[in-house]
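Below is one structure, written out as structure tokens; the observations come after it.
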Amino acid sequence: VQLQASGGGLVQAGASLRLSCVASTRVFDAWAMGWFRQPPGKDREFVAAISWSGGSTYYADSVKGRFTISRDNAKNTLYLQMNSLKLDDTAVYYCAARFNGVAGTVDEYNYWGQGTQVTVSS
């Protein structure tokens with residue numbers, strides 16, 4: 001599985017961005033997907049996850065109510081809608097895939113995209 005993330009950029013605090021992640025697999029709907037991020041100088045951390053059907057979603061407390069994870073299995077695409085962005089959201093954002101159910105740790109995901117930079121300025 002190859003994952004290609006895009007949609008990052010430089011925005012002001014309070015703005016919105018939508019990240020996308022396209023998967024090169026014929027069985028995209030068999031994979032649970034997740035978004036992680038790595039702030040400057042810090043470890044990679046969980047942001048959100050979604051089940052293969054899209055029926056179950058999970059969020060880190062820091063983004064709950066501001067970010068929305070979704071997927072379009074017909075387009076092999078995962079999304080992360082980010083609203084009310086804060087300075088602390090600045091990070092490289094990665095999409096990831098795993099064959100079993102949703103999970104919230106880096107080690108539980110099998111495949112990773114290359115990352116897309118999100119920078120939030122004041």
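Atoms considered below: every heavy atom in the structure, side chains included; atoms not considered: hydrogens, waters and symmetry mates. For clarity, every value in this text was computed on a predicted model and none was experimentally measured.
Under the 3.5 Å distance criterion, the side-chain polar atoms of N76 are matched with a main-chain donor or acceptor of T25. One N or O on the side chain of R98 and one on the backbone of E108 form a donor-acceptor pair closer than 3.5 Å. Remark: side-chain polar atoms of T57 are not paired, donor with acceptor, to backbone N or O of I69 under 3.5 angstrom. A side-chain donor-acceptor contact under 3.5 Å links S51 to the backbone of S56.
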Verdict with reasoning, L85 to S16, per side-chain contact (heavy atoms from CB on, under 4.5 Å): CA-CA 6 Å; L85 282 162; S16 298; 5.7 Å; no
Side chain to side chain donor-acceptor pair (under 3.5 Å) between Q117 and T119, worked out: CA-CA 6 Å; Q117 176 72 46; T119 303; 3.3 Å; yes
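For K42, the NZ atom is loosely surrounded, since the number of other residues' heavy atoms within 6.0 Å does not exceed 12. The environment of D88 atom CG is sparse: at most 12 non-hydrogen atoms of other residues, nucleotides or ligands sit within 6.0 angstrom.
Taking the side chain as every heavy atom from C-beta outward, V47 and L80 approach each other to under 4.5 Å. In this structure the side chain of W112 never reaches within 4.5 angstrom of the side chain of Q2, judged on heavy atoms. S70 is not listed as a side-chain neighbour of Q81, based on a closest heavy-atom distance of 4.5 Å or more.
Closest approach of A32 and Y109 over heavy atoms only: O-CE2, 4.3 Å. Across C95 and A5, no two heavy atoms sit closer than the pair SG-CB, 4.0 Å. Across every non-hydrogen atom of T116 and G7, the tightest pair is OG1-N, 4.0 Å. Between D43 and Q38, the shortest heavy-atom distance links the atoms C-CG, 4.0 Å. Nearest approach of R37 to S62, heavy atoms of both residues: NH2-OG, 3.5 Å. In this structure, T90 and V120 approach most closely via the heavy-atom pair OG1-N, 2.9 Å.
Side-chain polar atoms of T77 and D72 form no donor-acceptor pair below 3.5 angstrom.
In this structure, the ring of W35 has its center no less than 6.0 angstrom from the ring center of Y94. The aromatic ring centroids of F36 and F46 lie less than 6.0 Å from each other.
A salt bridge does not link D89 to K86: none of the charged side-chain nitrogens sits closer than 4.0 Å to a carboxylate oxygen.
Cluster annotation: M82 is not connected to Y79 through the hydrophobic network of ILVMFWY side chains, with a link wherever side-chain heavy atoms come within less than 4.5 Å. Hydrophobic clustering of Ile, Leu, Val, Met, Phe, Trp and Tyr side chains at less than 4.5 Å, counting indirect connections, unites V1 with L19. Criterion: ILVMFWY side-chain heavy atoms under 4.5 Å apart, direct or through other members. Under it, L17 and Y93 are part of a common hydrophobic cluster. Taking hydrophobic clusters as Ile, Leu, Val, Met, Phe, Trp and Tyr residues chained together by side-chain heavy-atom distances below 4.5 Å, V63 shares a cluster with L87. In this structure, M33 is a member of the same hydrophobic cluster as F99, with clusters built from ILVMFWY side-chain heavy atoms closer than 4.5 Å.
In this structure, R71 forms no cation-pi arrangement with W52, as its terminal cationic atom is not both closer than 6.0 Å to the ring centre and no more than 45° off the ring axis.
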